[in-house]
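Naming: A, B, ... by sequence-line order, numbering from 1 per chain.
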Protein chains: 2
Amino acid sequence: MPKATFFNLPEKKRQSLIKAMEIEFSRVPLYEASIANIVKTAGISRGSFYQYFRDKEDAYYYILKEQASRRNKQFIQQLHTHQGDLFEAITAFYYDLLIELPDEKEYNFFRNALLNVTHQIETIFNEIIESNLKKDGMEEITKLINRDLLNIESDSELTHVIHIISAVAFRNFVEKFTKELSDQEAIESFIAEMNLLKKGIAK
Amino acid sequence: MPKATFFNLPEKKRQSLIKAMEIEFSRVPLYEASIANIVKTAGISRGSFYQYFRDKEDAYYYILKEQASRRNKQFIQQLHTHQGDLFEAITAFYYDLLIELPDEKEYNFFRNALLNVTHQIETIFNEIIESNLKKDGMEEITKLINRDLLNIESDSELTHVIHIISAVAFRNFVEKFTKELSDQEAIESFIAEMNLLKKGIAK
DNA sequence: ATAATAAATGACACCGTGTCATTTGTCAAT
DNA sequence: ATTGACAAATGACACGGTGTCATTTATTAT
């Protein structure tokens with residue numbers, strides 16, 4: 001979490017700092033990102049940066065969580081739109097994500113995150129779907145899901161289902177970037193795997 | 001890949017260097033590992049290290065691949081033992097992995113890898129199951145799998161099945177470490193998810 | 001106007017990586 | 001045995017990065 005000082009900043013300055021961070025974190029992955037670049041772009045001193053953030057990671061995860069939170073809202077929206085059909089919702093969400101990403105800066109930001117996924121990054125991505133970003137997130141999601149469509153018998157199974165789906169969705173998303181798949185290929189692969197999950201793998 | 005110089009090293013020296021790297025990479029994750037520590041432990045000069053490896057990552061992935069290759073052999077062994085039953089084999093493999101890991105150094109090595117999974121690390125882990133470590137790896141695996149037990153209609157579906165299973169297995173393995181689950185909990189969660197994969201998630 | 005508190009600053013200490021000119025070792029050919 | 005050519009070893013060093021801190025500057029309250 002950024003320090004209080006960061007939130008006390010005048011809106012304009014805070015936005016310009018956020019922008020500078022987004023630029024740097026889009027350029028290279030976390031471990032190569034340099035604070036020197038950020039403060040130069042934002043036009044502040046090095047010391048100031050450390051008034052706002054504990055360290056580089058603090059800043060990075062702040063930006064990443066902002067992104068994730070926006071995406072999480074989209075996913076919940078899709079769940080509403082598709083009347084709690086988990087598969088429909090995640091497919092629509094995945095589709096949106098790919099089609100909507102042509103903004104180069106955002107694209108590279110994700111790319112850098114995904115090529116260098118730490119556990120923490122993966123956790124945040126999974127929270128887009130699992131909705132743990134805010135308190136009571138998981139409940140919000142499980143309430144929305146229409147269980148009649150699922151082959152499950154308990155709450156615990158529902159949790160596992162969500163885990164499985166977010167694991168597979170995430171992995172597909174990573175592969176889109178690492179194997180440089182076209183949108184078309186990525187979506188086909190995603191749908192194929194979702195269908196396998198639906199129908200079951202064993203005879 | 002390490003440079004030729006590394007493989008020209010007398011066995012004893014090479015082993016002691018490998019051991020020094022294992023110690024350091026067990027202590028902390030890749031990005032915190034220090035070459036100064038490695039060369040001190042191994043009793044060689046800093047310059048020598050760079051005669052053997054292009055850089056720190058080169059060294060790290062060499063060690064990681066060695067580990068993965070050993071695990072891959074175990075998985076293939078399990079496929080044999082269970083007559084090509086993919087689910088039986090992966091469950092036995094997972095079980096072995098957890099039960100067998102109490103060697104503290106190896107445990108920490110995995111832990112550091114899994115808490116800081118880059119795409120490359122995940123790829124190598126998945127190759128344990130997908131057997132791409134050596135050429136023709138994928139074929140070796142697909143031949144071994146008994147397709148009669150699976151609800152699939154094509155080679156392409158089999159590939160997706162393997163992807164899905166390795167994604168879910170990997171994710172379970174990561175959670176074992178990050179959520180500090182007991183062996184018991186980890187295995188229960190793993191089996192629950194494998195069962196869901198088997199029977200299918202949709203009604 | 002003054003005191004008190006908050007924010008901004010940049011020089012600096014520290015540590016790490018990868019390089020390179022130089023030294024040392026090895027081994028085949030004469 | 002000597003030479004020369006190639007391979008390996010070395011550690012000082014250049015460079016660049018992070019996070020700190022004493023000091024200055026701004027803001028707010030009294």
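Listed nucleotides C:dG10, D:dG11, D:dG19 differ in distance to A:Ser45; the shortest reach to its side chain belongs to C:dG10. The side chain of A:Tyr50 sits closest to D:dT20 out of D:dT20, D:dT10, D:dA8. In this structure, the nucleotide among C:dA8, C:dT19, D:dG19 sitting nearest to the side chain of A:Asp55 is D:dG19.
Of the side-chain N and O atoms in B:Lys13, one or more sit less than 4.0 angstrom from OP1 or OP2 of D:dA9. Using a 4.0 Å cut-off, some side-chain N or O of B:Asn8 falls inside it from OP1 or OP2 of D:dA8. Side-chain nitrogen and oxygen atoms of B:Ser48 include none within less than 4.0 Å of the OP1 or OP2 phosphate oxygen of D:dA8.
Among the heavy atoms of the strands lying under 4.0 Å from B:Ala33 are primed sugar atoms or P, OP1, OP2 only; no base atom is included. Contacts of B:Thr5 with the nucleic acid, taken as non-hydrogen atoms under 4.0 Å apart, involve only primed sugar atoms and P, OP1 or OP2. B:Tyr52 comes within contact range of the sugar-phosphate backbone alone, with a heavy-atom separation under 4.0 Å but no base atom that close.
Remark: C1' of C:dA8 and CZ of A:Phe49 are 15 Å apart, rounded to the nearest angstrom. Whole-Å rounding puts the B:Arg46 CZ to C:dA21 P distance at 18 Å. Here the P atom of nucleotide C:dG18 and the NZ atom of B:Lys3 are 11 Å apart, to the nearest Å. Summarising the geometry, the separation between CG on A:Leu9 and P on D:dT27 is reported as 12 Å, rounded to the nearest angstrom. The distance from atom NZ of B:Lys56 to atom P of C:dG16 is 10 Å, rounded to the nearest whole Å. Going from atom CZ of B:Phe6 over to atom C1' of D:dA9 covers 16 Å, rounded to whole Å. C:dG18 atom C1' lies 13 Å from atom CG of B:Asp58, rounded to whole Å. One interatomic measurement links the two molecules: OH of A:Tyr31 to C1' of D:dG16, which rounds to 18 Å at whole-angstrom precision.
Contact between A:Tyr50 and A:Asp55 at its shortest, heavy atoms only, is CE2-CA, 4.2 Å. Residues B:Gln51 and B:Lys3 approach most closely at O-CD, 3.2 Å, considering heavy atoms.
Contact annotation: side chain of A:Gln51 to base of C:dA7, donor-acceptor pair absent below 3.5 Å.
Within 6.0 Å of NZ on B:Lys199 lie more than 12 heavy atoms contributed by other residues, nucleotides or ligands.
The nearest heavy atom of DNA chain D to A:Gly47 and to A:Ile35 marks one nucleotide each, and the one closer to the 5' end goes with A:Ile35.
Annotation: side chain of B:Arg46 is in contact with side chain of B:Ile35 (closest heavy-atom distance under 4.5 Å).
Taking a cutoff of 4.0 Å between a charged side-chain nitrogen and a carboxylate oxygen, A:Glu175 and A:Arg171 qualify as a salt bridge.
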